Amino acid sequence: MALVPSSFEAQFFNFSQLQKDQTFTILSTDVDPKLQKLCGETDYPIECLTSTIPFLDENVTINPMSILKVEIDAIDSKTKEALDKAFELSVNPPPSRLLLSCLETCIDNYNSILESKQKILNAISLGDADQVSMELSFNMENVFACEDTFKKAEIESPITELNSLLVKIITNSITISVGMINF
């Protein structure tokens, strides 16, 4: 499978003019056309592809339910990455008290996101669309709360890029769960 570009410049593409029957095709032809089409129907197609491809193997059938589960794994993985970065920033070198307070808020919020993974997977297996949507929305709020802490403290967030990507993956997960799956 080909690697997919992950630059943030890609977020400025306008995909709103894609027709429902068009396939999202700006990437290598090595990407499964079903995945391209599914991701092309999300709010952040590039991030959909870049977050799902690392978790796919030959045993995954490309459909909205399987991609939602893969996106849940991607949320978990990126949250762990953000948690590691926040923890590292909190100890090396020791930050100011204000920065430390912001990072501690983020660490707590990231832990909440990690704790929600099993709840989401259980809700998926039970066919509980409302619970899936609610848990994903809570995750989004946790990321926003992390960023808001830095804004209120008037400190530039050292983890904005990871938080931005997390919001995009969560948004895509909500789009897939609400708009593409009939639970």
Side-chain angles (χ1 to χ4, degrees), residues 3-16 26-27 39 42-56 67-124 130-179:
L3 293 177
V4 180
S6 63
S7 81
F8 274 75
E9 290 80 43
Q11 71 186 4
F12 298 111
F13 291 148
N14 181 357
F15 296 102
S16 62
I26 67 166
L27 300 169
C39 285
T42 64
D43 294 329
Y44 302 100
I46 298 293
E47 289 78 3
C48 176
L49 289 165
T50 59
S51 65
T52 56
I53 288 173
F55 296 95
L56 295 178
I67 297 306
L68 175 60
K69 290 177 182 176
V70 169
E71 286 284 78
I72 302 308
D73 287 338
I75 292 168
D76 191 67
S77 175
K78 282 298 167 191
T79 301
K80 287 176 181 173
E81 186 178 332
L83 181 62
D84 288 347
K85 184 166 185 173
F87 182 76
E88 182 181 316
L89 290 168
S90 72
V91 294
N92 294 324
S96 68
R97 286 185 194 188
L98 192 54
L99 177 58
L100 181 59
S101 175
C102 294
L103 291 168
E104 287 172 345
T105 297
C106 293
I107 288 168
D108 289 344
N109 291 351
Y110 295 144
N111 281 322
S112 293
I113 293 170
L114 294 175
E115 290 169 9
S116 78
K117 179 181 180 180
Q118 194 56 52
K119 292 177 191 174
I120 295 169
L121 293 175
N122 290 344
I124 289 170
D130 292 337
Q131 185 69 30
V132 172
S133 183
M134 188 171 62
E135 290 295 332
L136 289 169
S137 296
F138 288 153
N139 287 347
M140 182 98 65
E141 288 301 318
N142 280 316
V143 178
F144 288 146
C146 172
E147 282 299 306
D148 286 347
T149 301
F150 288 103
K151 286 179 186 162
K152 288 177 186 171
E154 298 180 354
I155 297 174
E156 185 177 336
S157 170
I159 46 183
T160 295
E161 195 170 298
L162 275 170
N163 284 337
S164 174
L165 182 55
L166 262 172
V167 165
K168 290 173 184 177
I169 297 169
I170 295 168
T171 299
N172 286 343
S173 298
I174 292 170
T175 299
I176 292 167
S177 69
V178 171

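From a predicted model like this one, the values you see are computed outputs, not experimental measurements.
Between L68 and I120, every side-chain heavy-atom pair lies at or beyond the 4.5 Å cut-off. Side-chain atoms of I67 and L56, non-hydrogen and from C-beta on, do get closer than 4.5 Å to each other. The closest side-chain heavy-atom distance from Q131 to I124 is not below 4.5 Å.
Interatomic distance, CG of L114 versus OG of S77, reported as 10.0 Å (0.5 Å rounding). The OG atom of S51 sits 11.0 Å away from atom CD1 of I46, with the distance rounded to the nearest 0.5 Å. Here the straight-line distance linking atom CD of E81 with atom OH of Y110 works out to 10.0 Å at 0.5 Å rounding. To the nearest 0.5 Å, atoms SG (C39) and CD1 (I53) are separated by 7.5 Å. Taking NZ from K168 and CG from D43, the interatomic distance works out to 11.0 Å, rounded to the nearest 0.5 Å. To the nearest 0.5 angstrom, I113 atom CD1 is 10.5 Å from E141 atom CD.
Side chain of T175 to backbone of T171: a donor-acceptor contact under 3.5 angstrom is found. Counting only distance, with no hydrogens or angles, the side chain of S133 and the backbone of D130 share no donor-acceptor pair below 3.5 Å. Listed for the N172 side chain is a donor-acceptor partner under 3.5 Å among the backbone atoms of Y44. Of the possible polar contacts, one joining the S173 side chain to the I169 backbone as a donor-acceptor pair under 3.5 Å is found.
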Quiz item: Can L99 and L89 be said to form a side chain to side chain contact (heavy atoms under 4.5 Å, CB included), step by step?
Solution: CA-CA 9 Å; L99 177 58; L89 290 168; 5.9 Å; no
Exercise. Apply side chain to side chain contact (heavy atoms under 4.5 Å, CB included) to N109 and V143, showing your working.
Key: CA-CA 7 Å; N109 291 351; V143 178; over 6 Å; no
Quiz item: Run the side-chain hydrogen bond (donor to acceptor under 3.5 Å, both in side chains) check on N111 and E115 step by step: do they pass?
Solution: CA-CA 6 Å; N111 281 322; E115 290 169 9; over 6 Å; no
Practice problem: Carefully, step by step, assess D108 and T105 under the rule side chain to side chain contact (heavy atoms under 4.5 Å, CB included). | Solution: CA-CA 5 Å; D108 289 344; T105 297; 5.8 Å; no
Quiz item: Are L121 and Q118 close enough, and set up right, to give a side chain to side chain contact (heavy atoms under 4.5 Å, CB included), and what steps lead you there?
Solution: CA-CA 5 Å; L121 293 175; Q118 194 56 52; 4.1 Å; yes
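T42 and C48 get closest at one heavy-atom pair: OG1-CB, 3.8 Å. Heavy-atom minimum distance, A86 versus I159: CB-CD1, 4.4 Å. In terms of heavy atoms, V132 sits closest to A123 at CG2-CB, 3.6 Å. Residues L162 and K78 approach most closely at CD2-CD, 4.2 Å, considering heavy atoms. Minimum interatomic distance between T50 and P54 (heavy atoms only, all atoms of both residues): O-CD, 3.2 Å.
Between the side chains of N139 and S116, at least one donor N or O sits under 3.5 Å from an acceptor N or O.
K80 has a carboxylate O that lies under 4.0 Å from a charged side-chain N of D76, or vice versa, which qualifies the two as a salt bridge.
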Do any side-chain atoms of residues 144-153 form donor-acceptor pairs under 3.5 angstrom with protein atoms, and if so which ones, sequence neighbours left out?
{"from": "E147", "atom 1": "OE1", "to": "T160", "atom 2": "OG1", "distance (Å)": "3.0"}
{"from": "E147", "atom 1": "OE2", "to": "S157", "atom 2": "OG", "distance (Å)": "2.9"}
{"from": "E147", "atom 1": "OE2", "to": "N163", "atom 2": "ND2", "distance (Å)": "2.5"}
{"from": "T149", "atom 1": "OG1", "to": "A145", "atom 2": "O", "distance (Å)": "2.8"}

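Residues forming a disulfide (SG to SG under 2.5 Å) with C102 (at least two apart in sequence, or on another chain): none.
Annotation: F87, atom CZ; neighbour count of heavy atoms from other residues, nucleotides and ligands within 6.0 Å does not exceed 12.
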